[in-house]
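Both ligands and their constituent atoms are indexed starting at 1 by order of listing. FYI, side chains are in, hydrogens and waters are out, and symmetry mates aren't considered; it's all heavy atoms of this structure.
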Amino acid sequence: MSFTVRVPAKVNVQLSVGAARPDGFHDLANVFLAVGLYDEVTVTPADGLTVTCSGPGTDQVPLDRTNLAARAAEMLAARYDRMPDVHIHIVKDIPVAGGMAGGSADGAGALVACDALWGTNASRSELLDICAELGSDVPFSLVGGAALGIGRGEKLTALEVGGTFHWVFAMADRGLSTPAVFREFDRLSAGFDVPEPVARQDLLVALAEGDPDALAASVSNDLEPAALSLFPELAATLAAGRTAGALAALVSGSGPTTAFLVRDSSSAAEVVTALRASGTCRTVRTASGPALGATLLEVSMSEPG
Ligand code: ATP
């Protein structure tokens, strides 16, 4: 028997970063929007814990116990005093090391899938606890929709969204390490007063009203200068999308994926064409949000062939 869970990518419509804390982490005010680009995580009973992965960029995905999906399975098994005897297969569509929380999505997906496979029936709050231990972005991958994350980004409050927002994403030909981008943020902000991160009210209203123009006027990403400093070619990608009529262009999370908010699907098509023609990115995709969080898709009674 196997279980498959579908998990969305995210874009940060606001990512405000505070000064580095003594523990090295940063306080954040993170407004997450889940978008319809998905990884699928399938779990099947096995002897021991194994991970396989297919899709673009999989050569950069660890297949050992450092994979967030494997760690999620181990943590759930430890809590329920059982062996993590499971094979995890990840079909990746979320860009690897792209600033769209792909690894976090797989962690949340594996957790929900193993919970179903093992019949552990963990409560939502237990699952969220494990997610928060796995990483700052993992709880959001579980819940989806839109949410404000504070602390390291893991303390979530669900947000109302009054409509569908259309996006175009440009994937780069290499990844960016999130810790490296935070280190660059620290380097660039050294000697400056970094304000306390807080959610922007105009942005929350724009989300609640489903108003793309108001959202475009209020999106922000404090990590963008650091991502651009480590990956200067992204400036050309952002400019190409803006010129083609995107309402807003920003680096997604720690990058290097760039995100373009567009008014509707016809405007999305124009931005896609311009980005492809610009030759500044590896691939271009459209997706809309909000999208559902980790969702159990399918139960298969036969062994996968
Ligand atoms: P975030 O947006 O949460 O900062 P990201 O989208 O930039 O993350 P990920 O795709 O999550 O980046 O990958 C970051 C690193 O995490 C990878 O380079 C890889 O070494 C490691 N990793 C661990 N588990 C996974 C996984 N299941 N999928 C992808 N990467 C993983």
Residues 225-239 side chain polar contacts: donor-acceptor under 3.5 Å, at least two apart:
from: Ser229; atom 1: OG; to: Glu184; atom 2: OE2; distance (Å): 2.5
from: Thr237; atom 1: OG1; to: Thr280; atom 2: O; distance (Å): 3.3
from: Thr237; atom 1: OG1; to: Thr280; atom 2: OG1; distance (Å): 3.4

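- The protein residues lying under 4.0 angstrom from ligand 1, judged by non-hydrogen atoms, are Lys10, Gln60, Val61, Pro62, Thr66, Asn67, Leu68, Ile90, Lys92, Pro95, Val96, Ala97, Gly98, Gly99, Met100, Ala101, Gly102, Gly103, Ser104, Asp106, Asp137, Thr178, Ser254.
- Under the 6.0 Å distance and 45° angle rule, Arg6 counts as a cation-pi partner of Tyr38.
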_Chi angles and distances behind the side chain to side chain donor-acceptor pair (under 3.5 Å) call for Ser16, Gln14_ = CA-CA 6 Å; Ser16 294; Gln14 179 182 350; 2.8 Å; yes
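- Relative ring orientation between Phe185 and Phe182 is described as perpendicular, the plane-to-plane angle rising above 60° on a 0-90° scale split at 30° and 60°.
- For Lys92 (side chain) and Glu40 (main-chain N/O), no donor-acceptor pair under 3.5 Å exists by modelled atom type.
- Residue Asp64 places its CG atom among more than 12 non-hydrogen atoms of other residues, nucleotides or ligands, all under 6.0 Å distant.
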